[in-house]
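The shown structure was predicted, so the numbers you read here are calculated from the model rather than taken from an experiment.
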Amino acid sequence: MNSRVFIVLPSSLELAIHISTEAMHLDFMGKDSVWIMTDSVTSLLHTINSSVMSSMEGLIGIKTYIPDLNPSLENFVIKFRYHFQSNYSEEENSEPGIYALLAYDTVSTVAFAIEKSNNNSGNMTSRKLLLENILLSSFSGLSGEIRFDDNELFRLTTYEIVNVDHRKSRSILKYWSLECEFSEDVNDETCQEKHRISGGGSTSSDPVPVLGGRVYWPGGLQRVPLGWKMPSEAKPFVIGVPGNTSFEKFVRVGDGEPSGYCIDVFQKALKKLKYNLPHKFQSFTGEYDALVDEVYFKNVDAVVGDITILENRSNFVEFTQPYAESGLTMVVRVKPEDRTWLFVMPFTRNLWIVVIFVFVYTMFVVWFLEHRSNPEFRGPWKNQLGTAMSFTFSTLFFAHREGLRNNFTRIVMFVWLFAVFVITSSYTASLTSMLTVQRLEPKFSNIETLRRSSKQVGCDGDSFVKRYINEVLKFDEENIVSVKSEYDYPELFDNGTIEAAFLELPYERVFLSRNGHAGYIDSGVKHRFGGFGFTSDIFFYGLKCLLFHGVPISGQYDITNIGAIINLSSRVGKEEKLAMELAVEIYNNTSSNRKFQLHVSDSGGDPLQAYTGAENLISLKQVDAIINMDEGKEAGLVTELANRAQVPILSFTATSITPQLASVRWPFLIRMANNDSLQMQCIASIVGSYGWHRVIVIYEDGGYNTDLGTLTLLSDELQAVGSEIEHSLAFPPFSTLSDPKTFIQEKLETLYSINSRVFIVLPSSLELAIHISTEAMHLDFMGKDSVWIMTDSITSLLHTVNSSAMSSMEGIIGIKTYFSNTNPLLVSFLINFRYHFQLEYPEEENSEPGIYAILAYDAVSSVALAIQKSGNNRSNTTSRKLFLENILSSSFSGLSGEIRFEDNELSRLTTYEIVNVDHRKSLNTLKFWSLECEFSEDVNEETLKISGGGGGATGGHPVPVLGGRVYWSGGLERVPLGWKMPSDAEPLVIGIPGNTSFEKFVRVGDGEPSGYCIDVFQKALKKLNYNLPHKFQSFTGEYDALVDEVYFKKFGAVVGDITILDNRSNFVEFTQPYAESGLTMVVRVKQEDRTWLFVLPFNRDLWIVAIFAFVYTMFVVWFLEHRSNPEFRGPWKNQLGTAMWVTFTTLFLSHREGLRNNFTRIVMFVWLFAVFVLTSSYTASLTSMLTVQRLEPKFSSIETLRRSNKQVGCDADSFVKKYVEQVLHFHPNNIISVKSEYDYPEFFNNGTIEAAFLELPYARVFLNRNRRAGYIGSGVTHRFGGLGFIFPKGSPLARDFSRAFLKLSEDGTLNQLEEYWFPSYSCSNPSCSNPDSDDRLSLKYFWTIFLVTGLTSTIMLVLYIVDLFKKFRRIPPAGITGGGGNGVLRADMVAVVVLWK
């Protein structure tokens, strides 16, 4: 066994000492072990000397606390010490223990009661009065208040939890009481109502240290022990890894240690453990489903790799929380794009309009300025219009042949040419950006189109994906191509074998990163699964406790005839008596020299009567052996008596303790039954296969701890299949109940508060079982979704129950020992038995013998054969032991099968018959069960074993090991849940967050709640195969408090955006996550003024140097050309204009003016090269800016944000605030609680916060709603367990909803819900985070350049007109004379027109 948590139940101190001593020698008291002892042992530890205490170092003990403030107790202790030292001087310690105090109080109780009874106790009435007075006692004793309730001491006991440390001293760790649970001070009156279970938001994953940090653990361990047999270097943890994964980046297996992403995750996780985990990897080359089965079949301890969490796999192994997202996506070729009108796309419509307008306006200004002085701009109006248009437009592309005569025109053209340069460069840059980042569309974006066209698709041949594509996506099997390696996909695409590849999300990321340039794209189709997780055995993390019982040993015996102790008033007793008489008769008839006499003693179901009968059989009848048919306490008393008398006793009671221990305790006890462990294993197999995680056990308490041992066996077997006992209900022997109906009804009513509805009735009397089932039916415990399983001792007697009693047992499943009806001896016995039984008991309806009649016959046969072997002398100890040995060495074919014994117990491979009581009150055989074959249809079938290995089936329902013919309680036509299911009268109360910050998840209004989480819940409901009446109830507290409401049973479930955290999962059951979760930081986009975008390609220094170089080159050109080139002469304005024109136009086009000087030509050659480099660099830099626009977060580092003492916002009611404070180490004063999602923008705008910490789903909603307001995710993500729903521990609803989520993931429903509630906001350009923008160039980038161009043209136009006025005033035209102001104005206007013409 792997468990190392040992609980020693009430035992003798001597046994406890010996156990701890031997356990220390066998290293069971080493590190990671835990030993807990109960009050009966701990209260006596003060009597043990230090040498013995050394074997108990690290032990935790529970003892009753006795207040030491009682004056009576102080006086008693003083007197006790004095007298104890006087009477027992050899004892080291004279302190009284709890039993001494209780003994004193017991005498006091009797004494007070006798005083009340007037000392008259001689008759029955006075005795009853004395009993009443004892039960009415109420006084303060030494041990505390003495009061009785239901014949039992009644007081609120406080326990003292002590610890034996390395100094062999007992230190008090804590006190425990029902009201306060764990407390430091027993007198603490302000103790918490209950120990908080959710950790108050603590992010720690450690167990809750309820005993404090002062515990001295076995082996001196400094941390909390794991309570588990940990791997060692000699026996390391065997971890299976996939040996043939298609994508080697996840797991790569070579000659040395495996490597890859999954291995790195495992190694990083190891470092987070607080203990060493020796392990070794073992490669497995089969399919992934087979690799998962290796854990189930215990060939490996765990599996590490790219294992997808699927519903059918989780039935048989335990998955970790997912460490990577998983889902199925379709990769296809990029679709060729029609780009006919691509050339108009770089500019928006408004920009095109403004460009055309500015062009026309500039054309008009150039024509106006050049028309008078430049003959090339004269002639017919059509020619003038064409020339002006050609001149202005040609500057976009090449040099024009027309010269410019006017310096104003040249200034206009300077500005226009620069604007043209910016526009053409921007156009080129935008077009280049579009061609660089093409809008890639998949060739196939719809699975339906791909399937209908019968195109072939590829997938990993060794994973579940191939089955999923075939069974869920409905592709024909011949159209699915298995691909062995990631390197085969491109080749299969290229040669046309496949048109699409279905890859899991992590694989797709690897494939596209390697082949993205080759024209592959994600089609956008995703089917989500449970993620990647590691697997382990389903009970690896469960702790099992080893229970010890104190058992005394003794012996002595006598021999003569055969005796039997039977309850002759019962149907079973009648069968047993007749069967033994028939056996004796047969042996007497066949023996020539020996006769057997059967002496039957009637026990009447009374233990004392059975004991008296045994005494008479041994002392008066001098029987050689006793056959004891009774069970429970009767069997225990008779066994003790026969064992002391050394008379072999053959019992039909199956013991729950180990055969070796039983043979030591009762060497003369011979059990004509198999050990209960096999039957418990059969029951656990049924429970585990149907996925019932919690059960209620009902049993008849017969004393001697036999029932407790059976309970322990069942508990161990249930834990092995992932189930546990939630509650056990003990009944006293049925014969002791004066009013069984009322008593049983009251006991069953206590089960109303328990949710489990799987009832297992351990070995009990048939009468008790019938009454329990009758009352359970009346109390609706046998309704729908209930399961009743009864053991062999009851089921084997159901043939004796009349039809009216059987009606209360409809739907029960019974386990009974199977006997072959083809045995000739059995056939003969049946005929004989039926005949004699009908004669002797005509009142009985059924004359068929049961299992106990057959075993009684075989018991007599065993004794008779042994007596024949032993001879006549059986009067001494030696001959008695020889007789016992002869019985134990029996080997013959009896009615029940082969009779052989091992360890004083019947040894044979038992087969159990599993029967079912149907609505016709008849027993139907469902299956047979044996240890070798488990469940089988035919008892002779040798090869069937239902292990539920998965096989890759996509269904996730419990494995129906009993077949489909089961008649379940209440006539239910599906497998019952085994849980208290809601009804319309009592619906499931589901708590929902009433103040969630983001209403898209849960929105609470006047009517039904709505939101993404509610839709997920409603969709999951439809995947359940049963109705679930429910009602929602809003809760306005914090999320941790909402989780606590489930633990305290105020809510039956919680639905909402609840993050799966380690501390929460300790006390409630989470479903599989239905959405990923993690913490991300949202900040403002760093503001970037793009008004002067056209000047950004060059920095300031470069612009200054470029202008200086231009001016300097202009001066050099003028200086070199001025003397020899007439075009560079004339008025200084013309010279300056020509030099500037020639130098500047080289930026864009060749100029018309010729160069005469070779020196000038050399200068211009170098200048032209410099101009080419500058313009190309400008275009390239602008292209880069437009292609990858720089959207930078204002804060990209949490460290920077924290050090600058900036305030951050987060959800006030979630765990995030504590996480930001405790893990990210922000000062509490800098953490602002935000109540609603609508408050974040306001807090950002008014400067209250600089960043918001949001969980990933919330960040998606926030960025989608505010995507044009300048917010961006910083890229910093802290992952959590995802969002899930909450149910109580052990609830099958958590399992069913987890399966429903996996189905919703696999069929794409979750994706559809996410797209509906959270439309994707991600895109590759800044329009997502900048308002009023798209991916084309718009007017806002260039309004300044157009403004400069327009202003320049207008200013030049105005200056030109002013110049005309000046010239006209100097030379007035003929015929114009002065005559007042109006005349001068008219003359000026005429002069302008004349000169312009």
Student: Set out, in order, the CA-CA distance, both residues' side-chain angles and the distance that settles side-chain contact (heavy atoms from CB on, under 4.5 Å) for Ile17 and Met56, then state yes or no.
Tutor: CA-CA 8 Å; Ile17 292 172; Met56 293 187 171; 3.9 Å; yes
Student: Do any N or O atoms from the side chain of Ser715 and from the backbone of Leu711 form a donor-acceptor pair under 3.5 angstrom?
Tutor: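 Looks like no, no N/O pair under 3.5 Å.
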Student: Of all residues at least two apart in sequence or in a different chain, which pass the salt bridge (Lys or Arg N to Asp or Glu O under 4.0 Å) check with Glu726?
Tutor: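 Glu726 satisfies salt bridge (Lys or Arg N to Asp or Glu O under 4.0 Å) with Arg694 only.
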Student: Closer than 3.5 angstrom, by distance alone: can the side chain of Lys63 be matched with the main-chain N or O of Val41 as a donor-acceptor pair?
Tutor: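 Side chain of Lys63 to backbone of Val41: no pair is present.
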Student: Looking at every non-hydrogen atom in both residues, tell me the closest pair between Ser11 and Ser40 and how far apart they are.
Tutor: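 Here Ser11 and Ser40 meet closest at N-OG, 3.3 Å.
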Student: Determine whether Leu291 and Ile307 satisfy the following criterion, side-chain contact (heavy atoms from CB on, under 4.5 Å), listing intermediate values before the conclusion.
Tutor: CA-CA 9 Å; Leu291 177 56; Ile307 312 296; 4.1 Å; yes
Student: Given side chains that start at C-beta, do those of Tyr261 and Tyr323 come closer than 4.5 Å, heavy atoms only?
Tutor: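 Yes, at least one pair of side-chain atoms sits under 4.5 Å.
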Student: Just by modelled atom types, is the Val8 backbone N or O under 3.5 Å from a matching donor or acceptor in the Thr38 side chain?
Tutor: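 Pair found, side chain donor or acceptor close to backbone of Val8.
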Student: Would you say the side chains of Glu504 and Thr308 form a donor-acceptor pair under 3.5 Å?
Tutor: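 Present: a donor and an acceptor within the cut-off.
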Student: Could you work out, with ring pair (Phe, Tyr, Trp, His ring centres under 6.0 Å) as the rule, every residue matching Phe1287, not counting sequence neighbours?
Tutor: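 Partners of Phe1287 under the ring pair (Phe, Tyr, Trp, His ring centres under 6.0 Å) test: Phe1297.
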Student: If we check side chain to side chain donor-acceptor pair (under 3.5 Å) with Tyr507, which of these qualifies: Asp460, Thr245, Asp306?
Tutor: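 Of the listed options, the one satisfying the test is Asp306.
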Student: Can you tell me how far apart CD (Gln681) and CG (Asp716) are? Round to the nearest 0.5 Å.
Tutor: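 If we round to the nearest 0.5 Å, Gln681:CD and Asp716:CG are 11.5 Å apart.
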Student: For the backbone of Pro1288 and the side chain of Ser1291, can you confirm whether one donor and one acceptor N or O come within less than 3.5 Å of each other?
Tutor: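 Here the side-chain-to-backbone pair does not exist.
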Student: Of all heavy-atom pairs between Ile309 and Leu1302, which one has the smallest distance, and what is that distance?
Tutor: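 Smallest interatomic distance, heavy atoms only, reads O-CD2, 3.8 Å.
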Student: Just say parallel, tilted or perpendicular for the rings of Tyr159 and Trp176, cut-offs at 30° and 60°.
Tutor: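 Answer is tilted, since the angle falls between 30° and 60°.
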Student: Under the salt bridge (Lys or Arg N to Asp or Glu O under 4.0 Å) rule, collect the residues that match up with Glu294, sequence neighbours excluded.
Tutor: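 By the salt bridge (Lys or Arg N to Asp or Glu O under 4.0 Å) rule, Glu294 matches no residue at all.
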Student: How close do Gln282 and Val238 get, heavy atom to heavy atom, and via which atoms?
Tutor: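 Where Gln282 meets Val238 most closely, the heavy atoms are OE1-CG1, 3.5 Å.
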Student: Hey, mind stepping through Leu503 and Phe247 against side-chain contact (heavy atoms from CB on, under 4.5 Å) and telling me if it holds?
Tutor: CA-CA 10 Å; Leu503 302 174; Phe247 287 79; 4.1 Å; yes
Student: Take a 6.0 Å sphere around NZ of Lys249 and say whether it holds more than 12 heavy atoms from other residues, nucleotides or ligands.
Tutor: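 Result for NZ/Lys249: open.
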Student: I'd like to check the side chain to side chain contact (heavy atoms under 4.5 Å, CB included) partners of Met680; sequence neighbours left out, ordered by chain and number.
Tutor: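 Scan of Met680 (side chain to side chain contact (heavy atoms under 4.5 Å, CB included), adjacent residues dropped) gives Ile683, Thr710, Leu713, Leu714, Glu717, Leu762, Thr791.
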Student: With sequence neighbours left out, what residues match Glu486 under salt bridge (Lys or Arg N to Asp or Glu O under 4.0 Å)?
Tutor: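 Glu486 satisfies salt bridge (Lys or Arg N to Asp or Glu O under 4.0 Å) with Arg514 once adjacent residues are dropped.
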Student: For Pro236, enumerate each residue passing the side chain to side chain contact (heavy atoms under 4.5 Å, CB included) test, keeping only those at least two apart in sequence or located in another chain.
Tutor: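 Counting only residues at least two positions away or on another chain, Pro236 forms a side chain to side chain contact (heavy atoms under 4.5 Å, CB included) with Pro278, Lys280.
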Student: When you measure from the side chain of His693 to the backbone N and O of Gly722, does any donor-acceptor pair fall under 3.5 Å?
Tutor: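 Checking the backbone N and O of Gly722 against the side chain of His693, a donor-acceptor pair under 3.5 Å is found.
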Student: Between atom CE of Met29 and atom CD1 of Ile19, what is the distance when rounded to the nearest 0.5 Å?
Tutor: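 Met29 CE to Ile19 CD1: 11.0 Å, rounded to 0.5 Å.
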Student: Would you please name every residue forming a side chain to side chain contact (heavy atoms under 4.5 Å, CB included) with Pro225, sequence neighbours left out?
Tutor: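 Pro225 satisfies side chain to side chain contact (heavy atoms under 4.5 Å, CB included) with Asp32, Val34, Trp217, Leu221 once adjacent residues are dropped.
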Student: According to side-chain hydrogen bond (donor to acceptor under 3.5 Å, both in side chains), who are the partners of Arg509, at least two apart in sequence or on a separate chain?
Tutor: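 By the side-chain hydrogen bond (donor to acceptor under 3.5 Å, both in side chains) rule, Arg509 matches no residue at all.
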Student: Between atom OG of Ser20 and atom CE of Met53, what is the distance when rounded to the nearest 0.5 Å?
Tutor: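 Output value for this atom pair is 9.5 Å.
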Student: Can you list everything that forms a salt bridge (Lys or Arg N to Asp or Glu O under 4.0 Å) with Lys174? Sequence neighbours excluded, please.
Tutor: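 Testing Lys174 for salt bridge (Lys or Arg N to Asp or Glu O under 4.0 Å), a comparison that skips the adjacent residues, returns Glu184.
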Student: Restricting to non-hydrogen atoms, name the atom on Gln1072 and the atom on Phe1301 that form the minimum distance, rounded to 0.1 Å.
Tutor: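 That would be O-CD1, 3.3 Å.
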Student: With sequence neighbours excluded, what pairs up with Glu257 under the side chain to side chain contact (heavy atoms under 4.5 Å, CB included) test?
Tutor: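 Per chain and number, Glu257 pairs via side chain to side chain contact (heavy atoms under 4.5 Å, CB included) with Phe281.
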Student: Once ring pair (Phe, Tyr, Trp, His ring centres under 6.0 Å) is applied, do any residues pair with Phe1070, and if so which ones, sequence neighbours excluded?
Tutor: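 Testing Phe1070 for ring pair (Phe, Tyr, Trp, His ring centres under 6.0 Å), a comparison that skips the adjacent residues, returns none.
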Student: Can you label the angle between the Trp35 ring and the Phe6 ring as parallel, tilted or perpendicular, going by 30° and 60°?
Tutor: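 Trp35 vs Phe6 ring planes: parallel.
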Student: Is there a donor-acceptor contact under 3.5 Å from the side chain of Ser723 to the main chain of Trp692?
Tutor: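 Yes; judged by distance alone, with no hydrogens or angles, the pair exists.
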Student: Rounded to the nearest 0.5 Å, how far does CH2 of Trp929 lie from OG of Ser685?
Tutor: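 The OG atom of Ser685 sits 5.5 Å away from the CH2 atom of Trp929.
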Student: Testing the basics here: between Gly1284 and Thr1071, what is the closest heavy-atom pair and its distance to 0.1 Å?
Tutor: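 Closest pair (atom of Gly1284, atom of Thr1071, distance): CA-OG1, 3.7 Å.
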Student: Walk me through it: do Thr42 and Met37 pass the test side-chain contact (heavy atoms from CB on, under 4.5 Å)?
Tutor: CA-CA 6 Å; Thr42 311; Met37 291 193 177; 4.0 Å; yes
Student: Give a yes or no on whether the backbone of Pro258 and the side-chain of Arg252 come within a donor-acceptor separation of less than 3.5 Å.
Tutor: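 Pair absent, no side-chain N/O of Arg252 close to backbone of Pro258.
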Student: Please tell me if the side chains of Thr910 and Ser930 come closer than 4.5 Å, counting only heavy atoms from C-beta onward.
Tutor: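 The answer is no; the side chains never approach within 4.5 Å.
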Student: Suppose we screen for ring pair (Phe, Tyr, Trp, His ring centres under 6.0 Å). Which residues come up paired with His18, at least two apart in sequence or across chains?
Tutor: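 None.
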Student: Rounded at 0.5 Å granularity, tell me how far CD1 in Ile172 sits from CD1 in Ile161.
Tutor: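 Answer rounded to 0.5 Å: 10.5 Å.
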Student: Could you check if a side-chain atom of Leu173 sits within less than 4.5 angstrom of a side-chain atom of Val162, using non-hydrogen atoms only?
Tutor: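 No, side chains not in contact.
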Student: Can you tell me how far CD1 of Ile239 sits from NE2 of His279, rounded to the nearest 0.5 angstrom?
Tutor: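 That separation rounds to 5.0 Å.
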Student: Measure the shortest side-chain to side-chain distance between Pro242 and Phe284 over non-hydrogen atoms and say whether it is less than 4.5 angstrom.
Tutor: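 Of all side-chain heavy-atom pairs linking Phe284 with Pro242, none is under 4.5 Å.
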Student: Main chain of Leu59, side chain of Asn163: is a donor-acceptor contact present, judged purely on distance under 3.5 Å?
Tutor: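 Yes: the side chain of Asn163 pairs with the backbone of Leu59.
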Student: Can you name the closest pair of heavy atoms from Phe237 and Asp301 and give their distance?
Tutor: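 Scanning both residues, the minimum pair turns out to be CE1-CB, 3.1 Å.
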